[in-house]
Each structure stands twice: as C-alpha cells, then as structure tokens.
Amino acid sequence: MGFFIHVTVSCGLMAMLSLGLMLIVRSGVYSVASAGFYLVGAYCTALGTLKLGLSPGFALVLGAVLGAILGIFCIAPAYRVREDRLLILTLGFAESLRLVCANSRSVTNGAMGLSGIPHFSLLGVNIKPGTIAFAGFVWLIVGIICLLLIRLVKSPWGLRIDAARDDRVAATSLGIQVARPLYIVHAAGASLAAVAGSLYAHHMAFVSPAPFTVVLSVFALCALLLGGRGSVKGVILGAILIGAGLPLLQLVGTPEYSASAIRQIVFGVALAVLTIWLPGGIGGIWRGAKSDRWE
Amino acid sequence: MSSINKFTFVSLSLVLAVVFIFSDCSRKSSESKRIQVGAILFETGEAKSYGIKSKRGYDLALKWAKSRDLSLIPDILYADSGADESKGVAEFKRLTEVERIRFIVGITGSGVAMAICPLLREKDVLVLEALDSAAKLTDCAPNFFRIYPSDVIQGSFLADWALELGWKRAGLVYIHNAWGEGMQEGVENGFTSKGGQILVKEGIQQNLTDFSSIIVKVRAAELDGLFLLIYPTGARRWLEQSTARGLVITTLGGDALTGTEVAQAGEASNGLMFSAPHPGEGREYEQFVEQYMKEFGENPDVYATKSYDAMRLALVALNELQSDKPQAIKRFLLAMDTFEGAAGPIRFDENGDLVEARYARYIYENGEAILVQQNTEE
Amino acid sequence: MEVFLKSLPAQIANGIIVGAIYGLIGLSMLLISNVMKLVDLLRGDLAITGAYLCFWLSALCGFPFAVSITLAVPLTGVLGLVVERSVYRPLARRSHYAPLVAALGLSIAIQGALQLLFGPEMIGFEQTPPLLPKVAEWGLIRLSRLDVILVLSFVLLTSLLHYFLTRTRLGLGLLAVADDEEASYSCGIARNKVYSFSFFVASSIAGIVGILYGLQYGLEPGAGFGLTIRAFIIASLAGSRGVLGAAIAGLALGVVESVCTGLLGANYRDSYTFLVLLVLLWIWPEGLFGRIQKRYARI
C-alpha cells in the first residue's frame with residue numbers, strides 16, 4: 001500500500017510538471033527547464049521550513065513566486081535568440097540552477113542535501129507524507145490545475161497565445177501583443193513546476209540536487225509529447241505512464257543491479273515504441289489521430 | 001491498428017497495471033512472518049566495490065550462523081544507494097514503509113546515512129552500520145549504531161602521519177560529500193594546528209572524469225605531499241592521469257582507497273599510502289581470513305571484515321531476542337559486553353559509536369594494499 | 001595566484017586536448033542537427049557504445065586493437081543508421097521534437113544494456129598505459145602519446161570532413177539538403193539517401209570519439225550523457241556555419257573549462273560550460289559565427 005501511494009504521488013508530481021510544461025509549450029517554446037523550477041520549489045520549501053522557520057504553506061507560495069520570477073528570467077533572452085537555440089538556453093538555465101545548489105555548501109549544504117523537512121500543513125491541518133491524504137491532496141491540486149488550464153486554453157487569452165505561436169509576425173500585425181503573454185505563460189508554467197517541487201520536498205522529507213537533472217526535464221517533455229500536446233487528458237495519462245513506469249517495473253524482480261538494468265531497457269524500449277506507435281500521443285487515440293494537433 | 005483497438009489496448013494495460021499493484025499488496029500481507037533485515041549498499045557508483053565486499057561479509061556471516069545452528073536466520077533485502085543520497089533515502093523509505101523492515105544492517109555511504117538520520121528519528125527502526133565513518137554520525141539518531149570508527153580519529157591520524165613524513169607544504173583534494181568534507185576538516189585541522197600548510201585545496205564532485213586541471217595546479221605548487229580524500233574510481237583516474245601529466249608526489253589517502261578500483265590503476269598505484277581501520281587480529285580474525293580465502297580466493301579487506309562483524313552481531317542479537325523489535329535490539333546492544341569481532345572488539349558507547357578504535361597504515365605494492373604499521377590503541 | 005599563472009600554459013594545453021574530443025562530438029551532432037534538423041540525444045550514448053564495442057572486440061574477443069577499431073567504427077555507423085531508419089525517420093516527419101522522446105527512451109535502454117553486458121564499474125582499455133609516457137614536455141606542459149593521437153585525430157577528421165563536404169558530390173549534396181530541403185529535393189537529390197549517409201558518417205565519427213574518450217578517461221555506461229550535452233552546446237554555438245566553427249567552438253569550450261577550473265576550483269566544473277553558453281547566447285544569438293557568412297562552408 002505504501003508503494004502504491006508513493007507511485008501515485010510521483011505520478012501526480014510528474015503530471016503537475018507536464019501540465020506546467022503544456023502551458024509553456026503551447027506558446028511555442030520547448031523548454032527543458034522544468035527540473036530547474038522543480039528544484040527551486042523544493043529548495044525553497046526545504047530552506048524555508050528548516051532554516052527560516054516558515055510554515056509549509058507559506059514556503060510553498062514563496063516557492064511558486066520565486067519560480068515565476070525565475071521563469072521570466074529564463075525566457076527573457078527568447079527574442080534575441082533564434083528558435084532552435086531556445087532548447088539549449090532552457091537547458092543551460094536549469095543546469096545552472098542545479099549547479100548553484102550543488103555548490104553552495106554553506107546555504108544549501110551542497111551535494112549532501114537537506115534532510116528532515118517537516119510535514120506539510122495547511123491551515124493547521126497536518127498532511128503527513130506517505131498517507132492517502134497526501135496523495136489525495138497532490139491530485140486535488142492536479143485537478144485544479146487541469147480545470148484552470150482547460151478554461152485558459154479556450155479563453156480569448158489562450159487564443160492569443162496560439163496566434164503568437166503560429167505566426168509571430170502575423171499576430172503582431174493584427175495588434176496582438178506577443179511579448180507579455182509569453183512571459184506570463186512561462187512564469188505560470190514555472191510556478192506550477194515549483195509548486196510540484198515543494199510537494200516533492202514534503203513527500204521525500206529530503207532534497208539534494210541529484211534528482212533534478214536534465215533527464216527529468218526531458219521526461220516531463222516526454223510525458224507531454226507522449227500524451228499529445230493539446231490534450232489535457234492525454235498529458236495526465238502520459239505523466240502516469242512515465243511517472244509510474246520505472247517504479248512499477250521495480251515490482252518485478254530483485255533490486256540487484258542486473259535486474260535494474262533490465263528494467264531500464266524495458267522502460268526505454270517501451271518509451272520509444274510508444275512514441276512511434278501513437279502519432280497523436282495518447283490523447284490522440286480517442287480521435288484516431290494521425291498526427292499531433294493542438295485541440 | 002484502428003483507433004478503437006488502440007484505445008482498448010491502452011485502457012487494458014492501465015487496468016492490468018492497477019491489478020498488478022493491488023495483487024502485490026495482497027501478496028505481501030499473506031506471506032509468512034519471516035523476519036527480514038534490510039541492507040542499503042553501494043551496488044553501483046564510484047565505490048561499487050564496497051557493495052561487493054559487504055555482500056561477501058554478509059554471506060560468510062550467514063554461513064557462520066548456520067554452522068552454529070542458530071534458529072533465526074533472516075532474509076536479507078538488499079537495496080542500492082549508488083552513493084546518491086536521494087536514491088538512498090528513497091530506498092530507505094521503500095524498505096521501511098513498503099517492506100516494513102525494522103532492522104537494517106548497513107546503510108553505506110556516510111552521506112546517505114546522514115540524510116537518513118532525521119527520518120530515522122521518527123521511525124521505530126534500528127540501524128546497525130558497518131562502514132560509515134563520518135564524524136557527524138555520532139549524533140545521528142538514538143537508534144543508530146555503527147561498528148566503524150569515526151573520522152574524528154582518522155583525520156588527525158593522517159595529519160600526524162604526514163608530519164612524520166616531513167611534510168610542510170601540502171595539497172588536499174577531497175570529495176564533496178559527508179565523508180570527504182568530514183575528512184577534509186579533520187586532516188586540515190590536524191595538519192595546520194601543528195605547523196603544516198595547505199597550499200592547494202580542491203573539492204570535487206563525485207564522478208569527475210577529468211583531473212588534469214587539478215594535477216597541473218598541484219605540480220605548479222611544488223608541494224611536499226598530497227592528501228587524496230576521494231573515492232576509489234576517482235582515485236584510479238587520478239593515478240592514471242597523474243602519470244600522463246607527469247605528477248610525482250607522495251600521496252596519502254583516506255580509508256575509501258581500500259576500494260579495489262584503485263588497484264586497477266596498475267603500476268600507477270604503487271607507493272600510494274592510506275589509512276584505514278586496523279584489519280583485526282586474534283582467533284576470530286584468522287578464522288575469518290581462512291574462510292574468506294577458501295570462498296573467494298583472496299584476503300579480505302576492512303570492508304568485508306566489518307560487514308561480517310556487523311551481520312554476525314545482528315544475527316546474535318536476533319537469536320538472543322528471537323525477534324526484530326528495534327527497542328529490544330537497542331537495549332541488547334547497549335548492555336552488551338564486548339563482542340569479539342574479527343576486526344576487533346566491539347562495544348558501544350551511549351551514542352552508538354565504538355568505544356575503541358584503531359587505525360593502521362597501508363601502502364599499495366604491486367596492486368595490493370599492504371599493512372605497514374599498527375597504530376597504538378586509542 | 002602565481003600558482004595559477006604558472007600553470008596557465010599547461011591548463012590551456014590540457015584544455016585543447018579535452019576540446020579535441022568535444023569538438024569531434026560536436027561535429028557529429030552538427031551533421032545531424034543541420035541536415036536532419038533534429039536534436040539527437042543519442043550522440044554520446046552511440047559514442048560510448050562504439051567504445052564498448054571496441055573494448056569487447058579487443059579485450060574479450062581477442063582481436064588486435066587496430067582490427068577492433070576498424071571494425072567498431074563502421075559498426076557504430078551502422079548502428080546509428082539502424083536507429084535513424086527505424087526510429088528517427090518516421091518521427092522526424094511529424095515534428096521536430098517527437099524524436100526527442102524516442103531518443104530518451106533509447107538512451108535509457110542503451111545505458112541499461114551496457115550496464116547489463118559490461119557491469120556498472122569503470123572499464124579501462126589495456127591499451128591506455130603504454131600510451132601514457134610522454135612525448136614532449138615544456139615546463140609544466142606534458143603531452144603523452146595519447147594526447148598527440150587525440151589532437152592529430154581531431155585535426156585529421158575535421159579537415160577530412162571539411163574537404164568531403166565542400167569538394168565531393170556526396171558532401172555537396174549534404175550541404176544542399178542542410179541548406180534547403182525542398183529545393184534540393186526538386187533538384188533531384190535523394191533526400192533519404194542523404195539522411196542515411198549523414199547519420200552513418202556522424203555515428204562513425206561518434207564511434208571514434210568514444211574510443212578516444214575511453215582511452216583517455218575510461219568507460220562507464222552513463223558516460224554518454226555528458227558527451228551529448230557538450231555536443232549539443234557546441235552544435236548550437238557553431239550554428240549553421242560549418243565544420244570549422246564547430247571545431248573552434250569545441251576547442252574553446254575545452255580551454256575555458258580547463259582555465260576556469262584552474263582559476264576558480266574544480267567544484268563548479270560543469271557550471272563553466274553553461275555559464276559560457278549563456279553568456280555567448282546573450283551576446284551572439286546567431287551563434288559564434290553568425291556574421292561570418294561567406295568564408296566558411298555552410299552545412
């Protein structure tokens with residue numbers, strides 16, 4: 001049972017990352033900086049609760065705000081940089097964040113990490129990690145984010161973002177502001193990732209820079225692309241697949257390294273096969289899609 | 001494949017996955033009440049050899065238990081920390097929350113153990129550690145015991161050795177984790193307080209592959225000697241690249257250099273010296289060496305010996321108490337009179353640390369670590 | 001500080017040696033990213049696989065080293081070809097980023113396979129120790145035979161590639177496709193053949209890089225990713241401006257890493273790469289050689 005909760009929470013956090021990324025990708029930027037903002041949220045919570053004595057809720061909000069600010073910083077060079085450079089820019093940004101945390105021994109305890117993060121509590125209610133309540137809370141937030149996203153996508157504001165993505169020049173000529181929505185969208189996506197990071201810190205009660213690698217960002221992007229860029233349902237399913245894939249495979253066989261190697265192979269091949277097999281992503285299955293559309 | 005087929009396939013697989021999870025849950029609860037003991041070791045990563053040696057020690061300990069007809073022989077559930085603190089914490093949570101293990105013999109990696117301490121304080125789990133040496137682990141948790149001497153002693157031991165060798169200007173390369181940083185503090189304090197100077201100090205991240213910049217710096221500084229406080233695979237790379245870059249300098253390392261990866265550097269490793277706990281002596285030790293030689297065809301190192309002792313002690317405790325209740329084991333360990341381990345006598349102080357600790361000097365010759373001189377007892 | 005200044009020439013020399021490897025893997029990535037317009041996450045892993053292949057042939061199968069290299073390099077090329085045909089080509093049609101997902105999956109799978117077949121520990125070539133004795137020494141700079149081989153291979157491969165791309169028909173076809181796919185198609189250039197060929201060449205180069213890397217640093221299943229990141233950075237910096245651009249970017253990256261490590265400490269070693277990248281992208285959004293249009297070959 002404990003393992004099932006752990007997997008559920010992992011999937012929920014991955015879903016949050018992917019949904020945040022969905023917003024960012026919708027504006028045309030394929031960002032691999034998710035892990036960086038994830039890290040910001042996690043360290044904000046860790047440092048806030050351990051060193052500054054903040055309440056977990058406040059630390060979470062602080063993390064979200066910090067994530068938003070850093071999100072804007074990340075995307076700021078976007079106009080100077082050519083489009084195919086954006087990927088490497090986001091990569092560099094996220095890695096720099098990680099390396100800063102890994103190297104400031106006095107503030108973040110460097111590679112050794114911060115342990116003993118207190119339980120998450122909201123309005124006096126203590127939500128202990130490892131319980132169904134915590135898993136439920138995580139998915140509640142995922143649900144709220146989904147609702148907000150679906151409403152946003154269909155709103156006039158969402159249409160403006162689509163226009164800016166499809167053809168920047170045409171959009172500008174129609175009088176649609178292109179810059180501000182880009183910043184807001186990026187900030188929002190980064191915030192969501194930071195919120196996920198805060199919850200991660202409470203879930204594990206320990207943060208170190210090690211898990212927040214580029215690979216994690218690419219996983220979030222994979223969950224998004226696998227699920228279909230335009231479909232919220234699909235993204236959630238994609239996140240579940242990826243977030244649950246490796247831990248689920250852990251149920252098979254012993255934890256010796258040879259078995260873990262086999263798990264890796266199975267997971268990797270499954271990922272590649274699924275990508276080829278599902279052109280519209282998982283969300284596309286319902287449509288019988290032959291390609292990945294923005295719906 | 002039509003869209004309907006794809007849809008049913010995906011839904012079916014999801015349903016199967018859910019079924020799988022729940023069936024695993026029921027499987028666990030219906031299993032017989034076999035006592036299980038956990039072990040978090042270095043199975044991958046820079047110091048993988050520790051994990052191999054620990055397992056060998058554990059296997060021989062189990063054999064010893066069977067030969068004495070001990071009734072309670074537990075299953076050992078292994079987990080890999082890979083020298084990564086996050087991974088170690090995740091595995092600790094898995095072992096204690098999912099597998100419901102209450103007794104863990106071995107959490108390798110001082111960094112991993114340090115990360116687990118706050119979690120350990122909240123759980124009813126007992127940890128008996130064989131290999132971690134970080135000084136800060138003394139205050140880890142009430143339920144944390146270790147039979148490996150603390151680095152508080154090792155740092156000054158190394159510093160004194162260096163001063164004996166006549167070093168005045170030294171360099172220090174260390175790894176950024178709980179072990180490396182603890183060693184660096186201990187060595188630096190011990191060395192500088194007695195007149196030595198550390199002119200080049202470099203902290204590295206784990207898994208660094210290119211040491212050439214540091215090697216050049218050390219060469220340029222013209223030092224008497226170098227403290228190499230890093231993990232075995234890094235040390236191997238350091239030795240190989242030093243040869244390529246023309247660095248010849250007396251090098252002293254910490255106990256991490258016991259790892260067999262160092263010997264794989266071949267000729268480059270000749271003359272490398274390091275400190276490690278005393279291997280042990282006496283009847284228990286000789287019997288162990290004999291068994292180990294018979295089983296594995298080589299002499300055991302400190303890691304294998306300490307792991308053997310830890311598991312034996314655990315088995316003795318389990319059989320005395322006929323249960324794995326953490327509080328009972330804790331009382332047993334604290335009240336215990338000296339346990340004759342192969343690596344030396346074991347008795348715990350109120351912090352769960354060893355009361356007696358001895359360090360020894362080693363040197364690499366022809367790919368093997370050879371004991372040089374015995375330390376006097378603390 | 002004087003220690004740093006004294007060691008500076010040696011740091012630069014070391015940087016050039018490291019940069020040679022970076023430059024070559026950057027070239028490999030550049031070929032793919034410009035011709036096929038996709039980001040290949042597998043560069044580094046292919047390189048390491050090639051090296052493991054060579055190790056397997058020479059150490060475990062007993063072939064002489066020269067034979068192992070001659071076999072391993074084209075085999076890596078073929079491996080890359082297989083990946084391209086079966087995975088990238090169907091996906092590249094759909095979008096620029098779908099191959100990324102599949103590539104990640106394959107990268108994980110390849111690392112798992114290597115760990116399964118060869119174990120997770122570091123493997124050294126036995127050919128390394130004989131290559132370590134020095135060839136030349138000036139002050140603190142010390143070149144071993146391996147270093148010389150590295151730099152020579154780098155120079156040789158770069159020039160060969162440059163020559164190939166600008167003087168041979170096949171190479172010019174590659175450049176044409178990189179420049180404008182539609183136009184070259186209408187000129188009768190077989191696009192698929194070009195894709196396959198560029199992948200083969202790029203993967204063979206990756207194989208060579210892997211072997212050189214393995215000789216210098218030793219092999220681990222996870223070593224590929226670091227190479228991939230650096231390849232990506234160099235290909236981005238070099239932009240669409242050529243083989244020489246990538247070569248210089250690679251050397252520059254190596255030197256910056258080395259010198260910064262010497263000056264500021266080995267702690268932040270990876271950070272320097274990214275710092276440089278961020279700074280350069282801010283100042284030169286078009287890549288290092290955006291302005292220099294006419295002189296270098298465009299690929």
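Chain naming here is simple, since letters A, B, ... match the order of the sequence lines and numbering starts at 1 in each. Quantities reported herein were computed from a predicted structural model and do not represent experimental measurements.
For C/Ile110, no part lies near chain A; criterion is any non-hydrogen pair under 4.5 Å. At a 4.5 Å heavy-atom cutoff, C/Ser107 makes no contact with chain A through either its backbone or its side chain.
Tested against A/Thr275 for a side chain to side chain contact (heavy atoms under 4.5 Å, CB included), the candidates C/Leu106, C/Leu91, C/Val87, C/Leu100 yield a single pass: C/Leu91.
The shortest side-chain heavy-atom distance between C/Ile229 and A/Leu91 falls under the 4.5 Å cut-off.
Across A/Gly92, A/Ser96, A/Ala270, A/Ala223, the residue that shares the most heavy-atom pairs under 4.5 angstrom with chain C is A/Gly92. Counting heavy-atom pairs closer than 4.5 Å to chain C, the top residue among A/Leu221, A/Val100, A/Val218 is A/Val218. Listed options A/Val214, A/Val273, A/Leu271 were ranked by heavy-atom pairs under 4.5 angstrom with chain C; first place goes to A/Leu271.
The line from OG of C/Ser86 to CD1 of A/Ile276 is 6.5 Å long, rounded to the nearest 0.5 Å.
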Practice task
Take C/Phe225 and A/Thr213 through the side chain to side chain contact (heavy atoms under 4.5 Å, CB included) test and state the conclusion after the steps.
Solution key: CA-CA 11 Å; C/Phe225 193 68; A/Thr213 56; 5.9 Å; no
